[in-house]
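Everything on this sheet refers to the single structure shown next.
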Amino acid sequence: MAPDRQNKVHYVDTGRREEIIGEKSASTMKVLVISDIHANLAALETVLKDAQSRGYDEIWCLGDVVGYGPDPNGCIERLAALEPQLTVRLAGNHDYAVLGKEINVEDFNPEAKKAVLWTREQLTTETRAYLDALSGEAVRRGEFMLVHGSPRDSVWEYVLSPRIARENFEELTDFRCCLVGHTHVPTMFSYRVDRRDGQPFGRCLQHRLTPSPPDFALAFDQARLIINPGSVGQPRDHDPRASYALLDTETRLWTYVRVEYPIEETQHRMLAAGLPERLINRLSFGW
Ligand code: ZN
């Protein structure tokens with residue numbers, strides 16, 4: 001991990017962690033939360049193995065199974081083999097783009113576009129059908145709302161700043177805790193209404209959560225939350241290790257995990273596939 005990593009990521013107001021971290025209690029129902037695999041099978045296998053050693057009952061996948069990486073079919077087949085434990089299968093914008101759904105591929109940057117077009121050619125009838133069956137709508141599991149993008153735009157919007165998070169909290173009031181992917185950055189936003197000069201005042205904060213604390217309870221009875229597990233296959237927080245989370249839905253315990261995987265293996269396969277050099281290089285740095 002680069003020592004100056006903390007300086008490269010802009011986080012807002014990191015000092016108010018106490019209001020979003022509650023008491024821990026005994027474990028019950030554990031969910032493996034993964035997102036943005038991006039056809040990186042070496043990263044996916046490593047995450048699954050690591051998570052297995054910690055134990056989980058269900059898997060929720062927040063989308064972008066393909067795009068960028070060299071193993072679209074391998075990743076889809078691996079996910080398909082995880083059923084029935086895999087109970088949430090969301091579609092991401094890259095999954096849509098590969099299928100030609102709701103987007104003109106010209107809207108992607110040149111490297112992403114090249115990867116989308118390459119991926120399109122690799123898919124088999126079966127793997128294409130699997131992608132086509134992923135949900136582009138928000139899914140509810142118990143107390144949690146799950147989307148790829150944002151609460152108000154389930155596939156496309158990036159929740160990157162407190163401003164965008166605030167707009168989502170204020171526009172959509174029917175969720176307490178929403179899990180999102182899409183930005184490839186493990187982070188959390190909290191929102192709660194205080195009073196200022198006698199008037200209700202909504203306060204939205206972005207919290208730095210990695211590398212510590214690795215686990216904490218999501219106290220969304222005190223503040224509404226939007227939380228991102230980070231990306232399995234293409235992390236963008238200047239830490240190249242694969243990112244995922246474990247969630248105990250009963251105790252609300254959330255655990256961030258980072259795990260090293262054989263990056264060169266994925267890079268060699270990308271090189272052999274003729275995928276863009278920039279996409280190959282960025283995996284070494286996590287941007
Ligand atoms: Zn993505």
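Keep in mind that what you see is a predicted model, and the values were worked out from it rather than measured. Numbering of ligands and ligand atoms starts at 1, following listing order.
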What's the atom name of the N, O or S in D36 nearest to the Zn ion (ligand 1)? OD1
Among the N/O/S atoms of D64, select the one at the shortest distance from the Zn ion (ligand 1) and name it. OD2
Output yes if H94 passes the N/O/S-under-2.8 Å test against the Zn ion (ligand 1); output no otherwise. no
For a distance under 2.8 Å, tell me if H38 has an N/O/S atom near the Zn ion (ligand 1).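 It does; at least one qualifying atom falls short of 2.8 Å.
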Of R141, K30, R89, which meets salt bridge (charged side-chain N to carboxylate O under 4.0 Å, His left out) against E58?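 Single salt bridge (charged side-chain N to carboxylate O under 4.0 Å, His left out) partner of E58 among R141, K30, R89: R141.
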Within the 4.5 Å heavy-atom criterion, are R140 and F175 side-chain neighbours or not?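 Yes, close enough: below the 4.5 Å cut-off.
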Are more than 12 heavy atoms, taken from residues, nucleotides or ligands other than K101, located less than 6.0 Å from that residue's NZ atom?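 Above 12, so yes.
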Closest heavy-atom contact between R176 and F220?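 So the minimum-distance heavy-atom pair works out to NH2-O, 2.5 Å.
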